[in-house]
Amino acid sequence: MTRSSLPVTIIFVLNTLWLGAAFKVFSISPQRAAQLLARDQSDALSRALLPPLAASLRFLGGMNLALTAFALLLLFNLALFSHPSE
């Protein structure tokens with residue numbers, strides 16, 4: 001590992017961890033994430049919007065899973081980028 005590739009590796013590791021955590025929050029526990037986003041649940045309209053919001057957050061979790069897989073592929077194939085400008 002060269003000296004210039006260490007910061008890139010650290011960035012890809014942090015990116016993978018961040019996206020993996022977002023997948024966990026949005027896809028595995030979308031009800032809890034919806035309740036965090038819609039804090040004021042005092043009226044009936046807010047409570048009625050929780051199921052559609054949770055379903056859309058599950059979709060967002062799927063997008064984060066795809067980005068996590070892409071970040072992992074890039075992390076394990078850093079040799080594809082031989083020049084620093086790439």
Side-chain angles (χ1 to χ4, degrees):
M1 178 183 306
T2 64
R3 184 175 174 186
S4 64
S5 69
L6 182 64
V8 173
T9 303
I10 291 171
I11 288 171
F12 277 126
V13 167
L14 291 174
N15 191 16
T16 303
L17 292 173
W18 178 262
L19 291 169
F23 165 72
K24 180 188 177 294
V25 168
F26 293 132
S27 189
I28 296 177
S29 57
Q31 287 297 120
R32 185 183 308 168
Q35 289 172 352
L36 286 173
L37 289 174
R39 287 267 181 187
D40 184 27
Q41 299 169 13
S42 59
D43 57 347
L45 179 62
S46 295
R47 287 190 303 272
L49 289 177
L50 282 179
L53 180 60
S56 63
L57 290 177
R58 192 175 292 273
F59 174 76
L60 183 62
M63 287 179 24
N64 279 305
L65 178 63
L67 290 172
T68 302
F70 183 66
L72 279 173
L73 287 173
L74 286 175
L75 180 64
F76 291 124
N77 292 310
L78 282 177
L80 292 174
F81 306 107
S82 58
H83 294 71
S85 62
E86 295 175 338

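All figures in this text were calculated on a predicted structure; none of them were measured in a lab. Heavy-atom basis, side chains included; hydrogens, waters and symmetry copies ignored. All residue numbers in this chain count up from 1 along the given sequence.
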When hydrophobic residues are tied together by side-chain contacts of less than 4.5 Å, even through go-betweens, does [X] share a cluster with [Y]?
X   : Y   : result
L53 : L36 : no
M63 : I28 : no
L74 : V13 : yes

> Is it true that a side-chain atom of N77 and a backbone atom of L73 form a donor plus acceptor pair closer than 3.5 Å?
Replying inline: yes
Which pair of non-hydrogen atoms, one from [X] and one from [Y], has the smallest distance, and what is that distance?
X   : Y   : answer
A38 : L50 : CB-CD2, 4.0 Å
S27 : G61 : CB-CA, 3.8 Å
A54 : P30 : O-CB, 3.4 Å

Measuring from atom [atom1] of [X] to atom [atom2] of [Y], what distance do you get when rounded to the nearest 0.5 angstrom?
X   : Y   : atom1 : atom2 : value
L72 : L67 : CG    : CG    : 11.0 Å
L65 : F70 : CG    : CZ    : 14.0 Å
F26 : L60 : CZ    : CG    : 5.0 Å
R47 : Q35 : CZ    : CD    : 12.0 Å
N64 : F59 : CG    : CZ    : 10.5 Å
I11 : L6  : CD1   : CG    : 10.0 Å

> Do L57 and L37 come close enough that some side-chain heavy atom pair is under 4.5 Å?
Replying inline: yes
